[in-house]
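First the structure, in the form of structure tokens, and then the observations on it.
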Amino acid sequence: MLSLSLQVQRPWRRTGLKPPAPAALAVLLALALLALARLTPPPHHPLHPLPASSPPAPWQEVAAPLSRGRAPSGRVPVLQEQPHGRGRRQRRGAAGDAPPWFSDDDLQKMQLLASGQVVSKTRIPAHGQVLRVGLQAIGDAGRDSAPERDCQDGHCGLIKRPRDLYEVLAFHLDRVLGLNRSLPAVARRFTSHLLPYSYTNGSLRPIIWWAPDLQHLEDANNDQNSCALGWLQYQEMLRPHGPMPADGDAPCSSIPRGEWSRLALFDFLLQVHDRLDRYCCGFEPDPSEPCMEEMLHEKCRNPAELVLVHILVRRSAPSRLVFIDNAGKPQHPEEKLNFRLLQGIDSFPASAVATLRSGRLQSLLLESLRVDRELWESHGGAEGLRPLLRTIDRRARILLRHIREHNLTVFEDTSQQ
Ligand SMILES: *[C@@H]1O[C@H](CO)[C@@H](O)[C@H](O)[C@H]1NC(C)=O
Ligand SMILES: *[C@@H]1O[C@H](CO)[C@@H](O)[C@H](O)[C@H]1NC(C)=O
Ligand SMILES: *[C@@H]1O[C@H](CO)[C@@H](O)[C@H](O)[C@H]1NC(C)=O
């Protein structure tokens, strides 16, 4: 809990408040948590003893569940390190602050996801592999909790499978590139007794902020979309003189062209096929691919049957796509990259392309991922993450070549586009 996982102090700076002195803060927290610890006996987790080397602190039982059950290095929580280490350096100068591509809202949500106490859980019908949880931020303790209301208030997260962890990387990529279409996501180890054992067995899982107002079609067969869109209609819409947003009748007509450019760029870098090409028409799939197992690939012969999936917007912003389920395929081989994801796109967001061209993509991603301590440490820090980032960077170069060879353009991306 607390800012144990996220090294983020910016809200103080932005609001003009002076950050509390680290020592004073630590004392306050220790006191608050001591009081908490008396009120709520910590759940017993026989399988997650404290690492023998970490000295017992009064607050550790309740405040540091994230640091339990990990490798026996006995890592002390970030908060404890702050008076001597990074934390203080970060607060001294702008250089150590949270990277500028995170908005204050992002930072708040990441903090909630990383350290909020799990106060409720809800299964999602037909999605057995995920759990929606209500989260209570530190300082909100004692607020009564009602799952539905909490979620409407933006205090919920979706815990996904350990293998969906790349979704956290995708979130960082989205922000580094200034696309700003994914929902905040962090990696976390859960210990709450409210959760089933498979969620508390020590595995790192991604938790994604739950957007309360995603628009879903009423149609039970198509509730993964905000609007129904076939591949051919989509391609038609992308044509320079295709239907414009003003044509109210066209499907997904509230979504401007620039949104599809962002989506295509993002999905190409991550090789997310689900949205634009869930049939794997753009590459030769292995027999183990879901598109093969579900016999979808056969439909490629008839483009009129192909539909887009996970095309979502929020009621509060119907002209912006929301990217969900972004884990993608880090292992997807380079010789099989899916160029169909780029089909019909003739212009890309200028600032994202500039970042790809800068040669700094890997270092920016490292700077960003460093904020997520759980992900960072579980992957062995910069060295461990390097292969993954290199893969994305190589895809970026291939995308730039595609742009060059096809004489594609860039557009200035105000958020309206
Ligand atoms: C990112 O998008 C959210 C809405 O989805 C918006 O509130 C926020 O201001 C945007 N941030 C930036 C930096 O554009
Ligand atoms: C914990 O459970 C999950 C889901 O069943 C599984 O994928 C993971 O390997 C388990 N982790 C450990 C450390 O046993
Ligand atoms: C790109 O532009 C060059 C020079 O104008 C032209 O020769 C080439 O055919 C164009 N390529 C494509 C794919 O349009």
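Bear in mind the structure is a predicted one, so any value in this text is a computation, not a measurement. Whatever order the structure lists them in is the order used to number ligands and atoms, beginning at 1. For the single chain, residues carry numbers from 1 onward in sequence order.
Residue, atom and distance of the protein heavy atom nearest to atom 7 (O) of ligand 2 are Pro162 CG, 4.0 Å. The protein heavy-atom contact nearest to atom 2 (O) of ligand 2 is Asn201 ND2, 2.3 Å. Counting only heavy atoms of the protein, atom 5 (O) of ligand 2 lies nearest to Ser198 CB, 3.7 Å.
Using a 4.0 Å threshold on non-hydrogen atoms, atom 9 (O) of ligand 3 does not count as touching the protein.
Geometrically, Arg275 engages Phe323 in a cation-pi contact, judged by NZ or CZ lying under 6.0 Å from the ring centre and within 45° of the ring axis.
Residue contacts with ligand 3: Asn407 is placed with a nitrogen or oxygen under 3.5 Å of a nitrogen or oxygen of the ligand (distance criterion only).
Residue Arg205 touches ligand 2 through its side chain alone, judged by heavy-atom distances below 4.0 Å.
Between Phe339 and Phe283, the closest side-chain pair of non-hydrogen atoms is not below 4.5 Å. Residues Phe348 and Ile403 are in side-chain contact: their nearest non-hydrogen atoms beyond the backbone lie under 4.5 Å apart.
Heavy-atom contacts of Ser203 reach the following atoms of ligand 2: 1 (C), 8 (C), 10 (C), 11 (N), 12 (C), 13 (C) (cutoff under 4.0 Å). Numbered from 1 in the order shown, with element, the atoms of ligand 3 that lie under 4.0 Å from a heavy atom of Glu405 read 11 (N), 13 (C).
With respect to the salt-bridge test (charged N to carboxylate O, under 4.0 angstrom), the residues Lys329 and Glu289 qualify.
For the two cysteine residues Cys291 and Cys280, the thiol sulfurs sit under 2.5 Å apart.
Aromatic pair Tyr234/Trp260: centroids less than 6.0 angstrom apart.
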